[in-house]
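The next block holds one structure in the form of structure tokens; read it before the comments.
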There are 2 protein chains.
Amino acid sequence: MSLVRKGWPLHRRISRDLEDRIRAGELRPGQRIPIEHDLMQTYGCARMTVNKALSRLVGEGLIERRKRAGSFVRLPRLDAPVLEIPDIEVEVTARGDRYRFELLNAHVIADDDLDGPVLALTGVHYAQDRALAFEERRICLSVVPDAQTADFTVQSPGHWLLQAVPWTRVEHKISAVAASPEVCVRLGIEKGAACLVVERRTWKDDSVVTAVRQIFDGTTYRLTASFGK
Amino acid sequence: MSLVRKGWPLHRRISRDLEDRIRAGELRPGQRIPIEHDLMQTYGCARMTVNKALSRLVGEGLIERRKRAGSFVRLPRLDAPVLEIPDIEVEVTARGDRYRFELLNAHVIADDDLDGPVLALTGVHYAQDRALAFEERRICLSVVPDAQTADFTVQSPGHWLLQAVPWTRVEHKISAVAASPEVCVRLGIEKGAACLVVERRTWKDDSVVTAVRQIFDGTTYRLTASFGK
DNA sequence: CCAGACGTAATGTCTATACATTATCTATTA
DNA sequence: TAATAGATAATGTATAGACATTACGTCTGG
């Protein structure tokens, strides 16, 4: 079992051992890995223990299993690192900076894209009084009527919504645009500077709760994602 | 157990049921959920079955568990959608387009950032003869000596590496910059246009395998990430 | 040569039980 | 009151066995 972590539970050591062998290339994509019965013997344990180890590898996307056929190493995927798209308020306060949201504008409007009356907000996120992001948000009032009476100078709309409405689905789109005149002013950057745009749409069941577009200074703000040990 | 999927295994129905109750706000963040013993009685099953259901919720980040204390609903996290950062070659061919990588430059150099001799490449990814991305890549020759003899006009370096070297860790940084003169020419975009930048660094164990910087036209290319059912 | 039937090898699920581990709570003691 | 020690309730891990499910291979019969 190579040089595997002592103190770890057996099922964890088994999954880690197999993971290492896959990552080292000893077990190659498409190749069949030993059947549960053989692994029982190899590690001298019950089938449930082996099964738990293999279930973990399925969850991590490292193997796939087919009844009667066996378990097979999957192709490595570059396409599933975990992306951290933070709640800006949480991110700023987490690193000990003073956070502030400046509400610029709030109107109830009709929106073609979203159902029913919509609360349209614009504002700026500040960290230590430095503008971090410009935000344009729409909140579906039929789903979140309370939004109309909430005070977004105390809490950012995003943070408030997170507590107020449990979502069931989120979708993000990340792109880049040149700063519009308004964004230049709000973020204090040069005309036409490259900005990172995060668009987020949040659903509860089948109705859109909120759609938001956050614009960051592309050179100072970066999203990070990592995958692996 | 509300209106839960028939045909699903019991442990899956239990976890889904609890997930629904959390998402619906019936079980709120910080709140304690019933202990395994009670859930056994509620669902009329063995503790291992309940345990499997709860383990899944831990994996999904919906609850956390503490011995002696119980299981608690975690704060909803916006920060872990799965980001699809594709192998460009795979992405292009997957949607049926003709893919081509044009190698512009290849030199063996020394690099302060990476250990040992490094193969430095620049090139352009094309989809249907339209430039999609400009790429600057460095490959650590001490880790991947074969890279020096590989033909990157047949396969993109990224795709080739994926097959040649199993990685153990990947890190991505996503930002935005204004197009440099060279990028303008290569991608056929206007001077100073906003570009989306994906920087990826790949490790095998403790050594960097490759570091790459891919630059996309920010207005036509977007990364997407989603989370939820 | 092909279509269909079928045995069977593998995974999938579930149970009942046992003991380990650990943080919380309580009771005791200084 | 405060520190310490111990009891205990919850999760964590593991076992052995049972039956369900599925699709791979093979063996038919046409």
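In the text below, chain A, chain B and the rest are named by the order of the sequence lines, each starting its count at 1.
Ionic pairing of B:Glu136 and B:Arg213 is present here: one or more N-O contacts between side-chain nitrogen and carboxylate oxygen are shorter than 4.0 angstrom. A salt bridge links A:Arg201 to A:Asp113: at least one charged side-chain nitrogen sits closer than 4.0 Å to a carboxylate oxygen. Salt-bridge formation is not detected for the pair B:Arg13/B:Asp17: no Lys NZ or Arg NE/NH1/NH2 atom is positioned less than 4.0 Å from an Asp or Glu carboxylate oxygen.
Here the side chain of A:Lys67 is nearest to one of C:dA10, D:dA16, C:dT15, namely C:dA10. Distances were taken from every side-chain heavy atom of A:His11 (C-beta onward) to each of D:dT22, D:dA14, C:dT15; the shortest belongs to D:dA14. Comparing C:dC14, D:dA14, C:dC25 by their nearest atom to the side chain of A:Pro9 picks out D:dA14. Comparing C:dT13, C:dG7, D:dA14 by their closest approach to the side chain of B:Met48 singles out D:dA14. The side chain of B:Asn51 has D:dT13 as its nearest neighbour among D:dT13, C:dC14, C:dT13.
As a whole-Å value, the separation of A:Leu54 CG from C:dT11 P is 7 Å. Atom CZ of B:Arg56 is separated from atom C1' of C:dT13 by 14 Å (rounded to the nearest Å). We find that NZ of A:Lys52 is positioned 18 Å from C1' of C:dT11, with the value rounded to whole Å. Here the P atom of nucleotide C:dA10 and the CD atom of A:Glu64 are 17 Å apart, to the nearest Å. At whole-Å resolution of the value, CG in A:Leu39 and C1' in C:dA9 are 15 Å apart. Between B:Leu10 atom CG and D:dC19 atom C1' there is a gap of 15 Å when expressed in whole angstrom units. If you take NE2 of B:His37 and C1' of D:dT8, they are 15 Å apart, rounded to a whole angstrom. Per the geometry, CZ belonging to A:Arg32 stands 12 Å off P belonging to C:dA9, to the nearest Å.
Judged by closest nucleotide on DNA chain D, B:Glu36 is the one of A:Ala46 and B:Glu36 placed further toward the 5' end. Ranked by how close their nearest DNA chain C nucleotide is to the 5' end, B:Ala69 and A:Ala69 are led by A:Ala69.
Checked by atom type and distance alone, the side chain of A:Glu102 never pairs as donor or acceptor with a backbone atom of A:Gly123 at under 3.5 Å. The backbone N or O of A:Ser156 sits less than 3.5 Å from a side-chain atom of A:Glu89, completing a donor-acceptor pair.
By the 30° and 60° cut-offs, the orientation of the rings of A:Phe152 relative to A:Trp160 is perpendicular.
Between B:Thr49 and C:dT13 there is no side-chain N or O to OP1 or OP2 distance below 4.0 Å. For C:dT11, the OP1/OP2 oxygens have a side-chain nitrogen or oxygen of A:Ser71 closer than 4.0 Å. The phosphate of C:dC14 (OP1 or OP2) has no side-chain N or O of B:Arg47 nearer than 4.0 angstrom. Phosphate proximity of C:dT11 to A:Arg65: present, with a side-chain N or O under 4.0 Å from OP1 or OP2.
The base of D:dT22 does not come close enough to the side chain of A:Arg66 for any donor and acceptor atom to sit less than 3.5 Å apart. Between the side chain of B:Arg68 and the base of C:dT24, a donor-acceptor pair under 3.5 Å is found.
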